[in-house]
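Convention: sequence-line order gives letters A, B, ...; per-chain numbering from 1.
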Amino acid sequence: MAAALLDWFSRHKRDLPWRETYSPYHVWISEIMLQQTQMERGVDYFNRWIARFPDLTSLATAQQDEVLKLWEGLGYYSRARNLHKAAQIVMDQHGGTLPTSTEALLSLPGIGPYTARAIASIAFKQDVCVVDANVERVVSRLYDIEQPIKSRQAQEEVGKFALRLLPKGHARDFNQALMEFGSLVCSPRNPACTGCCLADFCLARKNGVQEDRPVIVKAPSPIYISMATGVLIHDGRILTQKRKADDIWGNLWEFPGGVVEAGETPGQAVIREYLEETGLIVNHPEPIASFKHSFTRYRVTLHAFRVTLLSSPEELILKAAQEHRWAGWSEIMKLAFPAGHRKLVRHLHNDSKFLAKVNP
DNA sequence: TAGTCGTGGAC
DNA sequence: TGTCCAAGACT
């Protein structure tokens with residue numbers, strides 16, 4: 001099986017930037033970026049990242065706002081915050097060189113069991129196996145594992161089988177082969193069993209249950225909510241606030257707003273949220289547009305308004321954020337926003353009548 | 001250990 | 001207002 005996989009990989013592996021030199025820094029960045037992220041999206045972010053932060057030192061010395069800006073849109077922003085923090089730890093405690101042992105890697109923020117083993121094997125060619133969603137799927141089909149794949153028992157079996165398959169000395173290629181094979185051939189839906197180089201070994205295929213492996217526990221239904229946000233212009237500048245560090249979208253910027261409560265219109269919600277979050281009294285909410293986006297289990301319709309300031313800007317007291325800024329448009333474009341607010345910014349960027357009211 | 005953390009794309 | 005999914009980590 002391992003020989004067949006390695007042969008398949010040598011013929012079908014994708015041309016990816018971090019595979020050019022396998023530098024530990026490149027491998028590390030790619031592994032963090034690809035967590036819960038599809039390959040096609042990750043490549044663009046990786047190239048922009050490396051162009052700005054070509055090495056560990058440049059990352060460690062960067063401002064967090066710029067790190068988050070380069071991550072904007074990728075989601076799971078703790079990955080970016082932890083990456084930044086870990087780079088500084090490597091500078092301080094490891095002489096600027098990424099440690100090679102899985103134990104030392106595990107101690108760095110943002111590096112868990114998967115990523116530690118991925119770096120150890122792919123960058124440092126150590127004989128350790130990785131278990132990600134692809135490996136879970138391929139192995140659970142090869143061995144027809146019937147237990148729910150996230151159960152402890154199934155996880156242990158997958159790890160055991162993966163280690164048994166691993167050809168010593170070839171972990172770099174083998175681990176990538178297993179994952180890439182899971183992504184391109186042994187896919188979640190419509191696996192390409194016809195012509196599959198492992199079909200003869202596959203118990204799930206033999207039993208005709210390949211579509212039912214791995215066994216997934218059904219995810220809970222999404223929750224639909226409405227949110228409202230307000231764009232407040234004063235003296236040609238727009239009020240933005242930086243979210244608290246430990247909350248969702250930690251350290252990203254946004255316009256004040258929040259969830260539309262029952263019995264309340266989105267316009268009323270904006271006025272209430274402004275008072276609650278900033279102490280400012282605003283009124284005359286004028287609809288701009290609505291945007292759909294989602295996060296974790298929520299599906300959001302974000303209602304955006306322009307609002308007018310009634311109170312004095314000196315009365316601003318932040319209650320839901322760590323910092324605020326009255327920003328001109330070029331500054332807005334440099335800040336990192338969550339996806340919903342980024343859609344609003346993009347919309348406003350194409351509205352010349354709106355831009356005319358704002359400082360450049 | 002179960003919940004939380006984002007997002008866009010495939011179907 | 002459909003469902004599922006992704007090279008997981010953290011608490």
Quickly work out the [X] [atom1] to [N] [atom2] distance and round it to whole Å.
| X | N | atom1 | atom2 | result |
| --- | --- | --- | --- | --- |
| A:L34 | B:dG8 | CG | P | 17 Å |
| A:M33 | B:dT7 | CE | P | 15 Å |
| A:R41 | B:dA10 | CZ | P | 11 Å |
| A:R342 | B:dG6 | CZ | C1' | 15 Å |
| A:L74 | B:dG8 | CG | P | 9 Å |
| A:L184 | B:dA10 | CG | P | 14 Å |

[X] and [Y] ion-paired at < 4.0 Å:
| X | Y | answer |
| --- | --- | --- |
| A:D144 | A:K206 | no |
| A:E264 | A:R272 | yes |
| A:R52 | A:E66 | yes |
| A:E180 | A:K13 | no |
| A:K150 | A:E136 | yes |
| A:K160 | A:E156 | no |

Select from A:Y224 and A:R14 the residue whose nearest nucleotide in DNA chain C is closer to the 5' end of that strand. A:Y224
Taking the nucleotide of DNA chain C with the nearest heavy atom to each, does A:Q38 or A:V131 sit closer to the 5' end? A:Q38
Base, sugar-phosphate, or nothing for [X], non-hydrogen atoms under 4.0 angstrom?
| X | result |
| --- | --- |
| A:R137 | sugar-phosphate |
| A:A339 | sugar-phosphate |
| A:E180 | base |
| A:S294 | base |
| A:K150 | nothing |
| A:R19 | base |

Looking at A:Y45, does the NZ or CZ of A:R48 lie under 6.0 angstrom from its six-membered ring centre and within 45 degrees of the ring axis? yes
Contact list please: residues 105-114 of chain A against DNA chain C, heavy atoms, distance less than 4.0 Å, in numerical order. A:P109, A:G110, A:I111, A:G112, A:P113, A:Y114
In this structure, is the centre-to-centre distance between the rings of A:Y224 and A:Y298 below 6.0 Å? no
Considering only heavy atoms of chain A and a distance under 4.0 Å, specify the first and last nucleotide of DNA chain C in 5' to 3' order that meet this criterion. C:dT1 to C:dC10
Between protein and nucleotides 2-5 of chain B, what N or O pairs are separated by less than 3.5 Å?
| unit_1 | atom_1 | unit_2 | atom_2 | d |
| --- | --- | --- | --- | --- |
| B:dT4 | OP1 | A:R297 | NH2 | 3.2 |
| B:dT4 | OP2 | A:R297 | NH2 | 2.8 |

Between A:Q176 and A:R19, do the side chains contain an N or O donor and an N or O acceptor separated by less than 3.5 Å? yes
Testing the 3.5 Å rule here: is there a donor-acceptor pair between the side chains of A:R79 and A:T37? yes
Worked check of side-chain hydrogen bond (donor to acceptor under 3.5 Å, both in side chains) between A:E314 and A:S312: CA-CA 5 Å; A:E314 281 75 39; A:S312 159; 2.5 Å; yes
Out of the candidates A:K242, A:E72, A:K69, A:R325, only one should pair with A:L335 under the side chain to side chain contact (heavy atoms under 4.5 Å, CB included) rule; please name it. A:R325
P atom, B:dC5 versus C:dA7: distance in rounded Å? 22 Å
Could you check A:N190 against A:P338 and say which one's nearest nucleotide on DNA chain B is further toward the 5' end? A:P338
DNA chain B: A:G73 or A:R189, which has the more 5' nearest nucleotide? A:G73
